[in-house]
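Below you'll find the structure, written out as structure tokens, and then a few comments.
First listed ligand is number 1; within each ligand, the first listed atom is number 1.
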Amino acid sequence: MSYEISLQPGNHHFRADADETILEAALSAGLLLPHSCRDGACGACKGKVLAGEVDYGNVTEGTLPPDEREAGYALFCCARPRSDLTLQARTVTRAGDIPVKKLPCRVQKLQRLAPDVMLIDLKLPASEAFQFRAGQYIDILLADGQRRSFSIANAPHEAGHVQLHVRRIDGGRFTGQVFETMKEKDILRFEGPLGGFCLREDSTRPVVLVAGGTGFAPIKAIVEHARHTGTTRPMTLYWGSRDRAGLYLDELARNWQDEIPGFSYVPVLSEATAEDAWSGRKGLVHQAVLDDHADLSAHEVYACGAPAMVDAARSSFLATRGLPEEHFFADAFTFANQTN
Ligand SMILES: Cc1cc2nc3c(=O)[nH]c(=O)nc-3n(C[C@H](O)[C@H](O)[C@H](O)COP(=O)(O)OP(=O)(O)OC[C@H]3O[C@@H](n4cnc5c(N)ncnc54)[C@H](O)[C@@H]3O)c2cc1C
Ligand code: FES
């Protein structure tokens, strides 16, 4: 059974089967809705059901509180159609024709960037082109069908490989393996590219980039892509970490400041130690943005990192700095749903 879906803004139309999510059907139709985790954890895909019936799927009250559900909101990565629908997403863009693929890859480099951060460089098969947008992520496919999401840290013009920045999670199955047993030449499988966290290149708004920890990875891809395309938009990067070691490519970001016109870099430490000898900004990274901007109404913000940081940035920038919701883009590093 399939249903007719009308989608605003932009008056798009596509069909969705009863057993596929609205997000899956929209992506198959070449329409990019905001999304990140695709399993109900981050709330990025939340939108309104203006008419029709959906099966809400496996959502928690944390990401879709009862009052929002009553007001007509649904998580489009979980909701499946039960009738023809009219939907309102925060933004809709044409995804273009970048295919999502499942590919093998070979670990060609492992480099410890910080005590708990590993750079993995993956060589892609020469026979299969892999396209992606700066800021997107891939899912590493584990042998038993589970997946682990990691953002691509290099820009698309560097073809043939994918760079990841992996933070070690205590007791983490995959990230533990990365630090303990993974070696160069190991073969992995992944699916990608995924996600809608990428620079809106048709906009001229000044850009504020907010990274927490390894949330720097997709931001690095975005900055390197912007430099490659010669954008002249003003860009300010706020990179927050607990300590100095967590700013694991600090020198690279400082160099961008010298090399890219209109680019500035503000590193922020929340728990600097005496050994860090830190004379720079201190506190939470979203607070540094608030301190520097009385008004964000004309900006575009890209935030990536721990869910708490992304939530704090979203709520404070929208509520107190006039940032329009459709100009806030985020990837929250939620944890994998262990059942998929
Ligand atoms: C879209 C997206 C992009 C991401 N990109 C990156 C990236 O570029 N770099 C990166 O380092 N991480 C990234 N993450 C987070 C990363 O996917 C998880 O840290 C990873 O799945 C952990 O896998 P694991 O097998 O080691 O841990 P698991 O075995 O899945 O988890 C072990 C325990 O740790 C908890 N846990 C898992 N992940 C985290 C976490 N991130 N923080 C705190 N506790 C956790 C679990 O709830 C569980 O209790 C991204 C997440 C998403 C959704
Ligand atoms: S909750 Fe739907 S994409 Fe994260």
Side-chain angles (χ1 to χ4, degrees), residues 21-24 26-27 32-47 56-64 68 73-80 89-90 113-114 116-120 122 132 135-144 146-154 162-182 188 190-198 211-222 241-242 246 248-249 303-311 314 329-340:
T21 66
I22 290 162
L23 177 64
E24 286 166 347
L27 291 173
L32 192 57
L33 307 185
H35 69 283
S36 179
C37 69
R38 295 178 305 135
D39 67 9
C42 72
C45 63
K46 197 178 291 174
Y56 286 87
N58 192 14
V59 299
T60 64
E61 292 193 356
T63 26
L64 188 68
E68 290 191 1
Y73 288 94
L75 297 179
F76 291 161
C77 72
C78 298
R80 291 177 167 79
R90 281 194 292 117
L113 296 174
D116 64 346
V117 179
M118 187 75 85
L119 177 152
I120 310 182
L122 298 171
F132 61 95
Q136 288 191 292
Y137 70 94
I138 58 171
D139 272 356
I140 300 286
L141 305 174
L142 308 187
D144 62 359
Q146 287 196 17
R147 312 165 154 252
R148 298 293 186 266
S149 305
F150 292 95
S151 306
I152 303 172
N154 54 305
V162 159
Q163 183 185 113
L164 309 178
H165 299 166
V166 175
R167 181 169 76 89
R168 182 175 194 158
I169 299 296
D170 278 345
R173 176 179 163 193
F174 176 72
T175 62
Q177 179 193 326
V178 167
F179 280 75
E180 281 159 25
T181 57
M182 188 174 281
L188 302 176
F190 73 90
E191 182 176 31
L194 301 166
F197 185 68
C198 29
T214 46
F216 178 73
I219 301 279
K220 171 177 175 291
I222 286 174
S241 168
R242 275 199 295 275
Y248 53 83
L249 287 174
C304 188
M309 184 280 276
V310 170
D311 285 349
R314 176 187 280 115
F329 306 97
D331 246 358
F333 284 0
T334 51
F335 321 146
N337 176 345
Q338 305 293 325
T339 59
N340 64 18

Does an N or O from [X], backbone or side chain, lie closer than 3.5 Å to an N or O of ligand 1?
X: R173; answer: yes
X: I169; answer: no
X: Y137; answer: no

Check your understanding: Can R147 and D39 be counted as an ion pair, charged N to O under 4.0 angstrom?
Key -> no
Review point. Counting each atom of ligand 1 from 1 as listed, which ones have a heavy atom of V166 under 4.0 Å away?
Key: 11 (O)
Show which atoms of ligand 2 fall inside a sub-4.0 Å distance from at least one heavy-atom site of [X].
X: R38; value: 3 (S), 4 (Fe)
X: A41; value: 1 (S)
X: C45; value: 1 (S), 2 (Fe), 3 (S)
X: C42; value: 1 (S), 3 (S), 4 (Fe)

Point to revise | Contact check, A332 vs ligand 1, heavy-atom distance below 4.0 Å | key: yes
Exercise for review: Assess S36 for proximity to ligand 1: is some non-hydrogen atom of it under 4.0 Å away?
Suggested key: yes
Practice item. For atom 1 (S) of ligand 2, find the nearest protein heavy atom and state the residue, atom name and distance (0.1 Å precision). Key: G43 N, 3.1 Å
Practice item. Classify the contact between S36 and ligand 2 as side chain, backbone, both or neither, using a heavy-atom distance cut-off of under 4.0 Å. Key: backbone
Check your understanding: At a non-hydrogen distance cut-off of under 4.0 Å, which region of C78 contacts ligand 2 (side chain, backbone, both, or neither)?
Key -> neither
Practice item. For atom 2 (Fe) of ligand 2, decide whether C37 has an N, O or S atom at a distance under 2.8 Å. Key: no
Check your understanding: Evaluating non-hydrogen atoms only, which member of G172, A44, A306, A217 is closest to atom 32 (C) of ligand 1?
Key -> G172
